[in-house]
Structure formats: structure tokens, C-alpha cells
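Below you'll find the structure, written out as C-alpha cells, and then a few comments.
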Amino acid sequence: YIFDNEDQADELYSIVKKDFDNKKTSNYSYSSMPNCYQLKTRDYFYLVCNVENTLLVAEVPTEYSDEIKEIRNEIGY
């Protein structure tokens, strides 16, 4: 997503991160870096990254997590 300003991107980042946190199950792992959060459950991989006025969001079956991480790295998040 591309927003008109950084505040809009920051606000949606917080909302999406909170939504992902609510999807935690008894078996999960997560990592949080500045402006990037990822959560992996038994069935799904969730990613939200915020850079300036942009937001990258992914919610995919776990088997695609490596592909999403590769895409994130390729586009510079």
C-alpha cells in the first residue's frame, strides 16, 4: 500500500499488527524489527512492514513464508 503520508501508514501498521497479534495460537513464533513484524502459526504466516509512507502486508499459508520473506528482501523492506 502507498499512502499520502507517513502518519497514515504508521496508523494502519499498528492496526494490522494488533490484528495479527490476535491470531496467535498456542504454537507460534514471532519476530519484530523496527517497522517490520512477522508472526508464524502452525497454519499461517503474517507479515507487516512499514517504510515511510508504504506498507507491505501478507497473510499466507505457512508453506509460503520463505517466498514472502524473499519478496520482502528483494523490494528492500
Ring-face cation contact, Y46 with K23, 6.0 Å cut, 45° max: no
Of N5, I2, D4, the residue whose pairing with N53 passes side-chain contact (heavy atoms from CB on, under 4.5 Å): I2
Gap separating the CG atom of D10 from the CD atom of E52, nearest 0.5 angstrom: 10.5 Å
Over 12 foreign heavy atoms within 6.0 Å of CD, Q8: yes
Atom pair CG (L12) and OH (Y1), whose distance is rounded to the nearest 0.5 Å: 7.0 Å
Atom pair CD/CD1 of E70 and I75 - distance to nearest 0.5 Å: 11.5 Å
F3 atom CZ, over 12 foreign heavy atoms within 6.0 Å: yes
In one Ile/Leu/Val/Met/Phe/Trp/Tyr side-chain cluster, 4.5 Å: Y13, L56: no
Distance (rounded to the nearest 0.5 Å) between S29 OG and L39 CG: 7.0 Å
T62 side-chain N/O to T41 backbone N/O, donor-acceptor pair under 3.5 Å: yes
Least distance between heavy atoms, A58 atom then F20 atom: O-CZ, 3.7 Å
Evaluation steps, side-chain contact (heavy atoms from CB on, under 4.5 Å), between Y64 and F45: CA-CA 8 Å; Y64 298 105; F45 177 75; over 6 Å; no
S65 vs Q38, side-chain contact (heavy atoms from CB on, under 4.5 Å): CA-CA, chis, key distance, verdict: CA-CA 10 Å; S65 64; Q38 59 188 39; over 6 Å; no
Which atom of Y77 lies closest to which atom of C49, heavy atoms considered: CD2-CB, 3.4 Å
Option among Y30, Y28, Y37 that satisfies the side-chain hydrogen bond (donor to acceptor under 3.5 Å, both in side chains) test with D21: Y37
Test side-chain contact (heavy atoms from CB on, under 4.5 Å) applied to L47 and C36, step by step: CA-CA 7 Å; L47 172 80; C36 200; 3.8 Å; yes
